[in-house]
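Worksheet: the structure to be examined is printed underneath.
In each ligand, atom 1 is the first atom listed, and ligand 1 is the first ligand listed. Note that the structure is predicted; figures quoted are calculated from it, not measured. Index from 1, following the sequence.
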Amino acid sequence: MTTITDIPAKYLVDPQLLLQDGTHLIGGTWVPAASGDTLEVRNPATQEAIARVPRGAKADVDAAVAAAAAAFPVWRDVHPSVRGQLLHRWADLCEQHAEELEVLENLENGRPRFLPGPIAPSIRYIAGLADKIQGSSLPTANLDQLALTLRDPFGPIAVIVPWNGPGWATPRRVVGPLVAGNTIVLKPAAEAPLTVLYLAKLAEEAGIPAGVINVVTGTGSEIGAPLVTHPGIKRVSFTGSTATGTRIMELAATHQIPAILELGGKSPQVVLADADLDLAIPHIVRGIVGNSGQACAAGSRVVVARELEADVVERLKAGLAKVTVGPWYEDPDMGPLMNEAQAERVLGYIAIGEQEGATLAFGGSRLTGGKYDDGAYVEPTMFTGVRPGMRIEQEEIFGPVLTVTSFDTEEEALEIANGTAYGLVSTVWTRDVGRAVHFARRIEAGLVSINTSLGSGGIGVPSGGFKASGYGRISAADSPLEWTQTKAVVFGKTYS
Ligand code: NAD
């Protein structure tokens, strides 16, 4: 087994020096779980235990919501530009500590490094909107009256994030509600809570008042229901699987609050007959091996013009063959899967693909021997001859598994691209601007990229899904408005 001494010192950050082991943040104080129970956090590349965090439950949720409710009037009533300044200071600290944030995420979810990370710029973009959230003046029948709208925050918001990219996902989801004057109870995934805890510590150091950001660690099954059904929670922001998102909506409905959902994907890479393959192929390979395919925006379905199919498959094989796989500190293209459960899931889908009659054209096995025995490594994998409707073509595998489906006509390409329950992101590869526009208008997805990588867009680009990929948008200039409620105010003379 790899031990911590095998890891080059430049990649070592001891989580215990950054965080107080066994505590989470409630009302500005780092405290253990009310029960005293803890959960172990493991490094997917070495299986070593790297930290312990509180195993929170209802009592912790109650305390965190009470803290968020107590902090709400202060945060709501402070001048918006002060909120913006504090969030900018948080961004500055995230930039100064980018290395620690990156290594914590590498340690807890095994992802290879991608510094410089997008955390600070994504906070700054939204922080700059703090003093630009405004209502409007309204027409009145009576000229001696004036009517206008105010944008009020809601109060404490529950923000639930997944394990697959806590450093990138979390600030983008909390900064919108915060800038609008709401307070937060954050629930990271039990598997990857350290980056989120460290982000909260930096927010505290930035001077964001106690209780504005609270973090409760623990499992979804133990914290989820008490948090989402808590009467003090006024809105929910959930990022995770479509199945859990559906459950979150049911729970939120018990006290009539909505949930903004950012869910799974099965995103198409549409390769039209005139595509520039030299450009497309490296992007397609990166789009499925990035984060070991454990990405909501993974470009997992290649939808290719039949005349290009053989060429594309050969080029993809060559591209996948060059992918390096290993622990993050070797700077590989692809790291391990998160854990054994993920490996079972991915290998299970590979078996399903073979049973369904697709051709396993590349990979398909677990990597073993040496460093690979320390983590759950599965080869980059590609199925060809995949027919629309096969489970491997329809369901989110959440691993490095690419499917290739061919089409004869462009209408068929659109049907296949739109033919799953999901609609998160998509890419179209074509040299023809007319075709690009045709597809951009018709693809059912929150983001259509033309001749560029999939992904959740960039800073300022709205991010969110169509269909079973969820609803609501984050990251864009109008996103903070999702976290406000419109209040109309009418005043002036009344004539009897
Ligand atoms: P998950 O749904 O299992 O868990 C997500 C979060 O919900 C975790 O914090 C988990 O502890 C919590 N949770 C689980 N059960 C809960 C319950 N009953 N009540 C409340 N919270 C509960 O998802 P995951 O496996 O952590 O993440 C992978 C999924 O997330 C994939 O489907 C991926 O596509 C999706 N995702 C989507 C986006 C996006 O922006 N659309 C981004 C990242 C990941």
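By heavy-atom distance, the residue among G240, S267, A192 lying nearest atom 35 (C) of ligand 1 is G240. Closest heavy-atom approach to atom 25 (O) of ligand 1 among the candidates W163, F238, F398: W163. Between atom 42 (C) of ligand 1 and the options P166, C296, G264, A190, the minimum heavy-atom separation is to C296. Around atom 27 (O) of ligand 1, the closest heavy atom drawn from A158, P226, P162 belongs to P162.
Between the CH2 atom in W168 and the CZ atom in R111 there is a gap of 11.5 Å [rounded to 0.5 Å].
At least one heavy atom of P188 sits less than 4.0 Å from an atom of ligand 1. Assignment of T239 to the shell around ligand 1 is supported, since a heavy atom sits closer than 4.0 Å. Residue contacts with ligand 1 do not include M338, since none of its heavy atoms lies under 4.0 Å from the ligand.
Between L263 and F238 there is a side-chain heavy-atom pair separated by less than 4.5 Å. Residues Q342 and P44 fail the side-chain proximity criterion, which asks for heavy atoms closer than 4.5 Å. Between I352 and E356, some side-chain heavy-atom pair lies under the 4.5 Å cut-off.
For a threshold of 3.5 Å applied to N or O pairs, the pair formed by R247 and ligand 1 contains no separation below that value. Considering backbone and side-chain N/O atoms, N164 never comes within less than 3.5 Å of an N/O atom of ligand 1. For T219, no nitrogen or oxygen atom sits less than 3.5 Å from a nitrogen or oxygen atom of ligand 1, counting backbone and side chain alike.
T324 and D333 share a side-chain donor-acceptor pair at under 3.5 Å. Inspection of the E482 and S479 side chains reveals no N or O donor paired with an N or O acceptor under 3.5 Å. A donor-acceptor pair shorter than 3.5 Å cannot be found between the side chains of S267 and R301.
Checked against V271 for a side chain to side chain contact (heavy atoms under 4.5 Å, CB included), the options I284, I281, V303 give a single hit: I284. Checking P258, P153, P156, P177 one by one against R235, the side chain to side chain contact (heavy atoms under 4.5 Å, CB included) holds for a single residue, P258.
Proximity of T242 to ligand 1, defined as any heavy-atom pair under 4.0 Å, is not found for any part of the residue. The side chain of E396, and not its backbone, has at least one atom closer than 4.0 Å to an atom of ligand 1 (non-hydrogen atoms only; side chain from C-beta on). Residue-level proximity to ligand 1 for R173 is carried by the side chain, the only part with a heavy atom below 4.0 angstrom.
The G224 neighbourhood of ligand 1 comprises atoms 19 (N), 20 (C), 21 (N), with distances under 4.0 Å to a heavy atom of that residue. Of all atoms in ligand 1, listed by their number and element, those nearer than 4.0 Å to a heavy atom of K187 are 9 (O), 10 (C), 11 (O), 12 (C). Against a heavy-atom cut-off of under 4.0 Å, S241 is close to the following atoms of ligand 1: 1 (P), 2 (O), 23 (O), 29 (C), 30 (O), 32 (O). Of all atoms in ligand 1, numbered sequentially from 1 with element shown, those under 4.0 Å from a heavy atom of V161 are 6 (C), 8 (C), 9 (O). Listed by number with element, the atoms of ligand 1 under 4.0 Å from a non-hydrogen atom of I248 are 19 (N), 20 (C), 21 (N).
A cation-pi contact, defined as under 6.0 Å to the ring centre and within 45° of the axis, is absent between R441 and F439.
Of all the heavy atoms in S469 and L424, the pair that sits closest is OG-N, 3.2 Å.
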